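The structure appears right after this line, and notes come after that.
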Amino acid sequence: MQVKVTVFKDYDEMSRAAADFVIDLIKANPQGVLGLATGSTPEGTYAEILRRKDELPDLSGLRTVNLDEYLGLAADHPQSYHYFMRKKLFDGLGLKPEQSFFPDGSNADPEAAHAAVIAYEHKLLELGAPFLQILGIGENGHIGFNEPASQFNTRTHVVNLSESTIQANSRFFNSADEVPKQAITMGVLTLMQASRILMLASGEKKAKALKGMIEGLVEPELPASILQMHENVNVFADEAAASLLSK
Ligand code: PGA
């Protein structure tokens with residue numbers, strides 16, 4: 001099945017179209033599970049969803065799951081992905097804390113992290129497949145925190161972040177030294193279970209990874225390339241991110 005690619009003039013146009021897409025699917029699945037991603041790319045989409053929240057149905061039955069969380073940051077740490085989602089989307093939508101699920105990265109002790117991994121995978125199984133999983137793409141082609149050379153047959157697990165991811169994410173911290181070196185992420189197999197995937201890509205820094213993902217070989221060196229094997233993937237990209245794609 002081919003990945004469906006739509007190219008938008010710029011980030012704002014992409015974000016508006018993505019919000020439309022997500023709002024339609026929430027309307028069709030108000031009791032379902034929505035898979036979310038953090039990072040700069042979906043921020044515009046979340047802002048637009050909040051701007052249009054009057055169009056949304058009653059969300060008291062919606063559940064959300066997130067792809068990943070840093071290991072060693074408590075949920076109320078300003079750089080944690082819990083915190084990001086609360087501020088960028090959940091508070092504005094009025095979602096209760098018990099509607100949203102993340103890997104628990106608060107305790108970096110290996111045994112506690114292992115327990116958090118198992119607990120999250122069980123929770124995902126119990127909730128069932130998301131009707132939609134939103135994804136970004138790393139400059140190195142990662143999805144979630146599945147870094148290059150990850151196995152494709154992974155479920156939720158602890159990862160060592162690659163140097164390129166640490167550098168890319170250091171913009172959110174005072175320095176690269178403060179970026180946690182590990183995270184808990186849904187595995188490739190876990191996130192491939194979503195019924196539908198919407199990947200968002202913006203900016204020329206993503207152009208090479210996006211080209212590889214769509215037009216290259218399916219290979220662990222470019223984790224996002226596995227999406228070629230999923231039967232229902234939309235990519236929304238701005239012109240800069242799409243600049244290396246063939247017609
Ligand atoms: P970004 O991150 O949206 O901040 O570029 C995307 C990702 O690393 O998956």
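Computed from a predicted model, the values in this text were never measured in an experiment. First listed ligand is number 1; within each ligand, the first listed atom is number 1.
Across every non-hydrogen atom of Pro180 and Ile166, the tightest pair is O-CG1, 4.4 Å.
Protein residues with a heavy atom closer than 4.0 Å to ligand 1 are Gly39, Ser40, Thr41, Gly136, Ile137, Gly138, His142, Arg171, Lys206, listed by chain and number.
In this structure, the side chain to side chain contact (heavy atoms under 4.5 Å, CB included) partners of Asn153, at least two apart in sequence or on a different chain, are Gln151.
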Side chains of residues 190-197: which donor-acceptor partners sit under 3.5 Å, not counting sequence neighbours?
unit_1 : atom_1 : unit_2 : atom_2 : d
Thr190 : OG1    : Thr156 : N      : 3.4
Thr190 : OG1    : Gly187 : N      : 3.2
Ser195 : OG     : Pro130 : O      : 3.4

Which donor-acceptor pairs under 3.5 Å do the side chains of residues 37-50 make with protein atoms, sequence neighbours left out?
unit_1 : atom_1 : unit_2 : atom_2 : d
Ser40  : OG     : Arg171 : NH2    : 2.5
Glu43  : OE1    : Lys88  : NZ     : 3.2
Tyr46  : OH     : Ala37  : N      : 3.1
Tyr46  : OH     : Ala37  : O      : 2.6
Glu48  : OE1    : Arg51  : NE     : 3.2
Glu48  : OE2    : Arg51  : NH2    : 2.9

Verdict with supporting geometry, Glu147 and Thr165, side chain to side chain donor-acceptor pair (under 3.5 Å): CA-CA 8 Å; Glu147 300 283 30; Thr165 297; 2.6 Å; yes

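For Phe102 and Tyr81, the gap between ring centers reaches or exceeds 6.0 Å.
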